[in-house]
Amino acid sequence: MKAFSYHMPTRVVLGKGSAAKLGQYIQGERVLIVCDPFLYQSGAAQKLGAGLEGRVVEYFHEIEPNPSCQSVDAAAAAARALGAQTVVGLGGGSSMDVSKIVACLAGSQGSIYDYYSGGARTLEPRTVDLICIPTTAGTGSEVTNVGVFTDQMKGIKLPFVSDRFWPDTALLDPELTDSLPPAITASTGMDAFCHAIEAYWNKESQPICDALAVEAMGLILANIKRAYDDGADQEARGNMQLASLLAGMAFSQTRTTGIHAVSFPLTTEYGASHGTACSVTLPAFIRISGEGAREKMERLCAALGYAGIEELAAGVESLMVSMDMPVRLSQLGVREDALEHIAQVGLGAAIIQLTPAVMDQGTVTALLRSIL
Ligand code: NAD
C-alpha cells in the first residue's frame with residue numbers, strides 16, 4: 001500500500017441546535033461575523049450574535065458569491081477596526097472562505113494582494129480565532145485549508161491554499177440549511193458530490209479519504225432529491241450536511257481535479273454558480289475516469305449500486321435533470337468556438353493533472369465538446 005498521511009486539525013461539532021452553542025467556542029471579547037446579505041437580511045446572523053451575550057459583536061454582511069479580493073480587504077479592514085479576536089464565517093463557501101483570510105489579515109496591515117494572485121508574501125501565523133458555520137451543504141470549506149477568491153482586475157478565480165486557513169472550530173447545524181431554495185440545494189449538493197468523487201479518483205487518493213468519499217457519495221445519492229423536493233425534510237438536510245462535511249474532509253487532503261479546474265472559467269466568464277459550473281461536467285468526467293482508475297471506479301459503482309461506469313454517469317445525469325440542473329454547456333451559454341479557450345484556462349489550474357486520465361488541450365476540448 002502507498003504511504004500516506006492525514007491531517008485535519010479542525011474541531012467538528014455537528015447536530016441540531018449546535019449553532020446556539022457558538023459562545024462556548026469563542027475566544028476573546030470582540031467577534032466579527034462575516035456573512036452574505038441574505039443571511040443578514042433573514043436575521044440568521046443576528047440570531048447567532050444575540051447568543052453571544054457580554055461580547056462585542058459586529059457584522060460584515062457584504063460577501064458576494066465567488067468573493068472578490070476587494071471584499072476580502074474590506075472585511076479585513078472591519079476586523080481590524082473592531083480589534084476582532086474571533087472571526088466567524090457564517091454562510092456558504094463564499095462567506096467561509098472570506099472569513100479564513102480575514103482572520104489572518106486581521107492581525108496585520110496587509111492586503112490579500114500581498115499574498116495571492118501574484119503577491120509573494122507568505123501568511124504569518126494567525127493570531128485571531130476562526131470558526132466556520134456552513135449554511136449550504138456544500139463546499140466543505142469548514143474543514144479545508146482552502147479559500148477560493150476572484151481577482152476581478154485579472155478576471156480570474158483561483159484557489160488559495162494555506163495551513164493558516166484550517167478553522168479552529170466547524171459548527172454544523174442542519175437547521176441553518178432549511179432555508180436553502182431547491183436550486184441551491186441541488187447545485188451545492190452536487191458540488192459536494194464532485195468533491196467526494198474527485199477525492200476518490202484523485203492521483204493523490206488514499207484510504208482514509210476513499211472511505212470518507214464513498215460514504216459521502218452514498219449519502220448524497222440517497223438524500224439530495226429528498227432535500228430538493230422538501231426543504232423541511234430534516235433527515236435529508238442532516239444527511240446532506242454530513243455528506244458535505246465528509247466530502248470536504250476527503251478532498252482537504254487530495255485536492256480536487258479536472259471538474260473544479262474547468263469550473264473556474266465557467267463561473268468567471270459565464271456566471272454559472274460554483275456547484276452548477278462543477279456538476280455540468282461531472283457525468284463526462286465520470287465517463288473518462290476509467291482510463292486511469294477503472295478497477296477502483298468499478299468498485300465504487302458496485303458500492304453505490306450501479307452496474308458500471310456508464311450506468312453511474314447516466315444515473316448522475318438523470319438525477320441532475322430531475323432537479324432541473326443543466327447537463328449541457330450550451331445551457332450555460334457556451335458556444336463551440338469557446339471550447340478551446342475553456343480547456344486552456346482549465347489546464348492552467350495545476351489540479352487538473354490529478355485527474356485519472358490524460359489532460360491536454362485535445363482531450364479536454366474533446367470532453368467539453370461531448371457535452372456541448
Ligand atoms: P455561496 O456561499 O456563494 O452562496 C450561494 C448563495 O446561496 C448566496 O446567494 C447565499 O446567500 C445563498 N445561501 C447560502 N446559505 C443559504 C441558506 N441557508 N438559505 C438560503 N440561501 C442561502 O455558495 P457555496 O456554493 O456554498 O460556495 C461557493 C464558493 O465556495 C465558491 O466561491 C467556491 O469556489 C468556494 N468553494 C470553496 C471550497 C473550500 O474548500 N474553501 C470548496 C468548494 C467551493
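Excluded from the calculations below are hydrogen atoms, water molecules and symmetry mates; all remaining heavy atoms, backbone and side chain alike, are included. Numbering of ligands and ligand atoms starts at 1, following listing order.
- Here the heavy atom of the protein found nearest to atom 42 (C) of ligand 1 is T139 O, 3.4 Å.
- Using a distance-only test at 3.5 Å, with no hydrogens or angles considered, a donor-acceptor pair links the side chain of R30 to the main chain of L82.
- Considering backbone and side-chain atoms alike, H195 places every N or O at 3.5 Å or more from each N or O of ligand 1.
- For L176, every heavy-atom contact with ligand 1 shorter than 4.0 Å involves the backbone, none the side chain.
- Closest to atom 13 (N) of ligand 1 among all protein heavy atoms lies L180 CD2, 4.2 Å.
- Heavy atoms of D36 found under 4.0 angstrom from ligand 1 belong exclusively to the side chain.
- In this structure, the side chain of E311 engages the main chain of G308 through a donor-acceptor pair within 3.5 Å.
- One distance of note links CD1 of I101 with CG of D73; it measures 8.0 Å at 0.5 Å rounding.
- A salt bridge links R126 to D168: one of the charged nitrogens lies within less than 4.0 Å of a carboxylate oxygen.
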Check the pair E340, Q361 against side-chain hydrogen bond (donor to acceptor under 3.5 Å, both in side chains), reporting the backbone distance first and the verdict last.
CA-CA 7 Å; E340 290 275 357; Q361 188 67 35; 2.7 Å; yes
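- Between Y115 and F160, the ring center distance fails the sub-6.0 Å criterion.
- Within a 4.0 Å radius of atom 9 (O) of ligand 1, the protein contributes no heavy atom.
- Between S95 and ligand 1, no N or O atom pair is found at a separation short of 3.5 Å.
- Checked against a 3.5 angstrom limit, the closest N/O atoms of D191 and ligand 1 fall outside it.
- Nearest-heavy-atom check against atom 12 (C) of ligand 1 across T267, T185, I184 picks out I184.
- Note: no N/O pair closer than 3.5 Å links T188 and ligand 1 by distance alone.
- Using modelled atom types, no side-chain atom of T365 and backbone atom of G362 make a donor-acceptor pair closer than 3.5 Å.
- The shortest N or O to N or O distance between H260 and ligand 1 is not below 3.5 Å.
- Distance alone, capped at 3.5 Å, places no donor-acceptor pair between the T185 side chain and the A227 backbone.
- Of all atoms in ligand 1, listed by their number and element, those nearer than 4.0 Å to a heavy atom of T136 are 14 (C), 15 (N), 26 (O).
- Only the side chain of P181 comes within 4.0 Å of ligand 1, judged by heavy-atom distances.
- Look at D210 and K296 and you find a salt bridge, because one of the NZ, NE, NH1 or NH2 atoms lies within 4.0 Å of a carboxylate O, short of that distance.
- With salt bridges taken as basic N to acidic carboxylate O contacts below 4.0 Å, none links K157 and E269.
- Qualifying side chain to side chain contact (heavy atoms under 4.5 Å, CB included) partners for R226, counting only residues two or more places apart in sequence or in other chains: N223, D233, E235, A236.
- Crowding of K16 atom NZ: a count of heavy atoms from other residues, nucleotides or ligands under 6.0 Å not exceeding 12.
- A salt bridge is absent between E204 and R255: the closest approach of a Lys/Arg side-chain nitrogen to an acidic carboxylate oxygen does not fall below 4.0 angstrom.
- Within the 4.0 Å heavy-atom shell around ligand 1 one does not find F165.
- Residue, atom and distance of the protein heavy atom nearest to atom 39 (C) of ligand 1 are T144 OG1, 3.5 Å.
- Residue contacts with ligand 1, taken as heavy atom pairs separated by less than 4.0 Å, involve D97 solely via side-chain atoms from C-beta onward.
- In this structure, atom 37 (C) of ligand 1 has a protein heavy-atom contact shorter than 4.0 Å.
- Within a 4.0 Å radius of atom 30 (O) of ligand 1, the protein contributes one or more non-hydrogen atoms.
- If you number the atoms of ligand 1 from 1 as listed, the ones under 4.0 Å from a heavy atom of P65 come out as 3 (O).
- An N or O contact shorter than 3.5 Å links G93 to ligand 1 by distance.
- Inclusion of V146 in the set of residues having an N or O under 3.5 Å from an N or O of ligand 1 is warranted.
- Residue contact annotation: K157 has a non-hydrogen atom under 4.0 Å from ligand 1.
- The protein heavy-atom contact nearest to atom 1 (P) of ligand 1 is S94 OG, 3.4 Å.
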